[in-house]
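Structure record follows, encoded as structure tokens.
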There are 2 protein chains.
Amino acid sequence: MTTINPFASNVTKPTLLRLPSYLDVIQRARKEGVRRLSSAEIGKELGYGSVQVRKDLASISNAGKPRTGFDVVQLEKDIRKALGYDEQRYAVLLGVGHMGRALMNYIGFAENGLQILAGFDVKPSDDESLKDKVLPLSALSDFCAKNHVDLAILTVPAEQADNATAEIVAAGIPAIWNFAPTTIHVPEHVIVQNENIAESLGLLWYRMKTEN
Amino acid sequence: MTTINPFASNVTKPTLLRLPSYLDVIQRARKEGVRRLSSAEIGKELGYGSVQVRKDLASISNAGKPRTGFDVVQLEKDIRKALGYDEQRYAVLLGVGHMGRALMNYIGFAENGLQILAGFDVKPSDDESLKDKVLPLSALSDFCAKNHVDLAILTVPAEQADNATAEIVAAGIPAIWNFAPTTIHVPEHVIVQNENIAESLGLLWYRMKTEN
């Protein structure tokens, strides 16, 4: 039985950002019935060198053995743990427009330990499947008093982001995952992670101009 | 009249990734009737130092003048140009599920020079507003022969990503914006940009564990 690596919390950010790709490869292999994989095989799939793979995975797992490679089942467990996917976290979502609905319906979140408890919007949802899960924005602070909420997902239009952020902060939610295409202002103790599609699109245009 | 900076194509990646935030601040100021902004004012809004702001913006614009600051209208034009938002690009989208629909309906894309010409899916869309814009996947290569397509947006489930990618490559589309939660394999001349929500969620969990 492999024990959990005590250094998991010291994993570096670049390694952390590669872990979901490793998880993807490992999960697909496991579903195909593969039981062991070498770091070279994993690296080939992702375009990483085997030294890089060994180093990344050694920082979060003991599932690798010389010559026989990684135990796929154990490695999957260890990566999920390092990514925090084995813990359940609870979110609310503000702004049930197209992007909000897409995220509320995204089944991948459940696999990654995220449960969206409710969506909040100034107007009720016209989407039948979400009707019972969408509450008026005025009910947010009451909802947060009664339920444990780790995270607010912000999917309102840019011009509503300041108001929505103020409601989130007032409700005492400690972290915001910001999909609104704008900068938000929060007190220092609130964690903000920006998911900026415009940023990504600008980078893509730049690469298309310079790489081809 | 400010001329376009000839060094725009030498903008560094970190600067490039900050440009959408600058654009956001500048656009909001312009809408509020502000005509000039100093680098200190812009920096304050974003949490950047004024030296950083001056350096970033000098690499893409001549709209800044000592003492009077930046001409807001000119700076907005220059940032949009540096980001490629002033050029029209044409995309198709593969996989009209929740995420695909959200992106097809995302109005921000038009502002950023991206037009989604059509969506493709193995089954027709049940979304009335998209009915005329969703074609069967089998029609992709014919569509690309008749229309100029710069980019494929991939929003299929992970297990369909390999097949969809093969169709995109066969249709001769030179770039893929990958929202599918998996790694895709393409020939070297095809540009892939991954939009990995799982990666981002893992990073967020990690920050919530270590920063609070």
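FYI, side chains are in, hydrogens and waters are out, and symmetry mates aren't considered; it's all heavy atoms of this structure. So that the names make sense, note that chain A is the first sequence line, chain B the second, and so on, each numbered from 1. Only a predicted model underlies this, so the values are computations on that prediction, with no experimental measurement involved.
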(request) Between chain B and each of Asn196(A), Asn112(A), Leu201(A), count heavy-atom pairs under 4.5 Å; write down the option with the most. (result) Leu201(A)
(request) Could you check which of Ser200(A), Ala175(A), Gly202(A) has the highest count of heavy-atom pairs closer than 4.5 Å to chain B? (result) Ser200(A)
Report yes if some heavy atom in the side chain of [X] is under 4.5 Å from a heavy atom in the side chain of [Y]; otherwise report no.
{"X": "Arg28(A)", "Y": "Thr183(B)", "result": "yes"}
{"X": "Met99(A)", "Y": "Leu103(B)", "result": "yes"}
{"X": "His185(A)", "Y": "Glu45(B)", "result": "yes"}
{"X": "Tyr206(B)", "Y": "Leu83(A)", "result": "no"}

(request) Calculate, to the nearest 0.5 Å, the distance between atoms CH2 and CG belonging to Trp205(B) and Asp86(A) respectively. (result) 12.0 Å
(request) May I ask you to say whether Glu87(B) pairs ionically with Lys209(A), meaning some side-chain N is under 4.0 Å from a carboxylate O? (result) yes
Under 4.5 Å from a heavy atom of chain B, the part of [X] involved:
{"X": "Leu19(A)", "answer": "neither"}
{"X": "Leu16(A)", "answer": "side chain"}
{"X": "Lys13(A)", "answer": "side chain"}
{"X": "Asp150(A)", "answer": "both"}

(message) I'd like to know which of Glu195(B), Glu111(B), Arg89(B), Arg101(B) tops the heavy-atom pair count under 4.5 Å against chain A.
(response) Arg89(B)
